[in-house]
Chemist: 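Take a look at the following structure, please.
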Amino acid sequence: MSATTASRDAPGIYHKAGSLRSERRWALWTAYASLIVAAIIMLAPPVYMFLTSIKTSAEIADLGGNPWIVRSPTLENYRALLSSPMFMGFFWNSVKVTLLVVAVSMVISVLAAFALARMRFWGSQWLATGVFLTYLVPDTLLFIPLYQIVGSLGLLNSTWGLVLVYPTLTVPFCTWIMIGYFASIPKELDEAALIDGANWMQMLVRIFIPVALPGIIAATIFAFTVSWAAFVYPTAFITTPSEMPLTIGVVSQLIRGDTFAWGQLMAGALLAALPPVIVYVFLMDYYIAGLTAGATKG
Amino acid sequence: MAQVSIRKVVKAYEGGVQAVKGIDLEIADHEFVVLVGPSGCGKSTTLRMIAGLEEITSGEIAIGGMVVNDIPPRDRDIAMVFQNYALYPHMSVYDNMAFGLTLRKFPKDEIKRRVENAARILDITPLLDRKPKALSGGQRQRVAMGRAIVRDPKVFLFDEPLSNLDAKLRVQMRTEIKKVHQTVKTTTVYVTHDQVEAMTLADRVVVMNHGVIEQVGPPQELYHSPNTRFVAGFIGSPAMNFIPARMENGSGALRLNLPNGIVLPVPAERTARYGAMAGKEVLFGIRPEHLTEPKNLDRQNIAVFELTPEVIEPMGMETLLHLWMQGHEVCSRIDPTTPAEPGRPMQVAADLNHMHIIDPESGRVL
């Protein structure tokens, strides 16, 4: 006891307490500095894309001068794209495929996850692990057998083929997220619902889906991002421009031979990136809550 | 309202572990029965079998005369209150309480009437619009009870409902539960590991251990005439003292030889009861309140001897002494005004009218 009293009176301790504040200041400085560097690295490409998209072709081709300064800004590239029926066709194809895929994925994965997480049946553990393992098979490996399957169904060169194959990418991961989320819901909640008179479907719709909403939103965002940004499958399965989604439409139609319509390419890519950005901005809080579910729920 | 019959019920898990080993229990209409025992004794499993949340391996359970073995929980007409409340987090208090009735397609005004009535009984009317998140532990427990009351079921099942509350609130809610039962009079099965809760709430207490029922009876009966060493030691706080002793027969009267060379005369009226143990090792059981400072010395069967207190715990209305008797700790309850000092020998009096003799082999109280 006397030893601690003595050391507390020593001047060294007060010095230490003073340094705590300066340590904190240092930590803040370092944090801000690294965040600024990271932000510059992350934001440079989209900013450069944006700058390129508002330049004329002549200005883009001009190698003199600072490429980060736009001398005569123009919205011509955007106007050309938005008035082009082909580009709008790509856009609607993407919207159609994505909405259908998100809907199909969520229905399948919520039902599957509920069954795997809550209805104890023989082999449910193995099945749950199996679902996740299928996610680990890369799509670059899968598109060859899938090509045969889609081909034999006569769905090559059709957006319906994409609606059929995208869920092979989205369902396993969404199911996995939802299993984790459902598993974090206390067991007594379904028992209370069972005693209150709910059947399995009522339990899912009236208890589990509302309670697991953050998880569902996280899974929805994932499915949305995957099917909106899919590249390998449409490249392999679609060759007719009228059936192409944005991702390959922009690339295949705006690069003609070795002529790159850079301004339109960048404008197209930015427009294509817009919907996911909007979705993320609105649902960001839910998304984070969903991904960290297991970590914080007691 | 209904009686509950449990007949030869066994619960065995895969691998042959038996959680409940063939128990029989008849619970009368309006009765408040508490299942009590240490963790793993099978009390919660029994409750969950009544609820239909666990399958019954063999035997049968009947509610209101109808065997419910194969009836799903929702059709058993029971309501259950869980330890962690299990309120639906996305619903208001009103909706939580109304959920069961909504699923059963009750008319809206009937639901409203019942919820408001239950809210009044539980004093939670101002909370009806709140979400569970905005409630304290005690309030959540009330809502969980409200959810049970509105259903007006045949049987209430409580699974350790007070274990998540702090000590003060637990005592308060205990009274609350008893009051509610006196108002609605629904047959109640209540599971707890806390013997004080069991004693204070129950019409009859069921003491379970290792998947079997040790004893069933009203609280006072369990306290004063336990059947087994387990019940004797489990009911009562501080627990009954068990002191190894030797029963000896000396010229027609029985004597108990305790450690420290203490010899206690067995009351004459108990000679016949304990005669068979003469010459054998037994356990002498006595509750702390029957091992006191010398008092009532004019009464019969009071034996006074000397022991040394090691630890003294003043509790306010009483003082607990921990005395050592050759390696055995013995607890005594004395009047707080009695002078006692650790390490100084003092006179203690054992009231042998309340003694128990336990056969150490069978564990039965004789």
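Note on naming: letters A, B, ... go to the chains in the order of the sequence lines (proteins, then strands), and numbering restarts at 1 for each one.
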Chemist: Please classify the contact of R76(B) with chain A as side chain, backbone, both or neither, using a heavy-atom distance under 4.5 Å.
Modeler: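 For R76(B), neither part sits under 4.5 Å from chain A.
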Chemist: Are there over 12 heavy-atom neighbours, none belonging to W160(A), within less than 6.0 Å of that residue's CH2?
Modeler: no
Chemist: Does CE in M119(A) sit with more than 12 non-hydrogen atoms of other residues, nucleotides or ligands closer than 6.0 Å?
Modeler: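 Correct, the count exceeds 12.
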Chemist: With a cut-off of 6.0 Å (strictly less than), are more than 12 heavy atoms of other residues, nucleotides or ligands near CD of E60(B)?
Modeler: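 Yes - once you tally the heavy atoms of other residues, nucleotides and ligands closer than 6.0 Å, there are more than 12.
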Chemist: Out of M80(B), R151(B), R74(B), which one pairs with D196(A) under the side chain to side chain contact (heavy atoms under 4.5 Å, CB included) rule?
Modeler: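 Result: among M80(B), R151(B), R74(B), R151(B) is the only option passing the side chain to side chain contact (heavy atoms under 4.5 Å, CB included) with D196(A).
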Chemist: Heavy-atom pairs under 4.5 Å with chain A are the metric here; pick the option from L157(B), L101(B), I78(B), N84(B) that has the most.
Modeler: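 Top option by heavy-atom pairs under 4.5 Å: N84(B).
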Chemist: Heavy-atom distances under 4.5 Å only: say whether D190(A) touches chain B with side chain, backbone, both or neither.
Modeler: neither
Chemist: Side chains of E191(A) and R48(B), heavy atoms from C-beta outward: is any pair under 4.5 Å?
Modeler: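 In contact.
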Chemist: Does CZ belonging to F121(A) count more than 12 external heavy atoms closer than 6.0 Å?
Modeler: yes
Chemist: So which heavy atom on A192(A) is nearest to which on R147(B), and how close?
Modeler: CB-NH2, 3.6 Å
Chemist: Are side-chain heavy atoms of P89(B) and L189(A) found at a separation under 4.5 Å?
Modeler: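 P89(B) vs L189(A): side chains touch.
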Chemist: Please state whether the side chain, the backbone, both or neither of L87(B) comes within less than 4.5 Å of a heavy atom of chain A.
Modeler: backbone
Chemist: So, do V211(A) and Y88(B) sit near enough that their side-chain heavy atoms are less than 4.5 Å apart?
Modeler: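 No. Closest side-chain heavy atoms not under 4.5 Å.
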Chemist: Taking non-hydrogen atoms and a cut-off under 4.5 angstrom, which of residues 102-110 of chain B neighbour chain A?
Modeler: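 Heavy-atom contacts from residues 102-110 of chain B to chain A are T102(B), L103(B), R104(B).
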Chemist: State, with a plain yes or no, whether a side-chain heavy atom of L213(A) is found less than 4.5 Å away from one of H90(B).
Modeler: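 Heavy-atom side-chain distance check fails, nothing below 4.5 Å.
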Chemist: Ignoring hydrogens, what is the shortest heavy-atom contact between A79(B) and I195(A)? Give both atom names and the distance.
Modeler: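 So the two residues come closest at CA-CG2, 4.0 Å.
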Chemist: Is there a side-chain contact between L194(A) and P72(B) (heavy atoms, below 4.5 Å)?
Modeler: no
Chemist: If you count heavy-atom pairs under 4.5 Å with chain A, which of A51(B), A148(B), G100(B), P73(B) comes out on top?
Modeler: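 Greatest number of close heavy-atom pairs with chain A: G100(B).
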Chemist: From K187(A) NZ over to F82(B) CZ, what is the distance, rounded to the nearest 0.5 angstrom?
Modeler: 9.5 Å
Chemist: Within the 4.5 Å heavy-atom criterion, are E188(A) and Y85(B) side-chain neighbours or not?
Modeler: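 A side-chain contact under 4.5 Å is absent here.
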Chemist: Residue by residue, which of residues 115-143 of chain B have a heavy atom closer than 4.5 Å to a heavy atom belonging to chain A?
Modeler: none
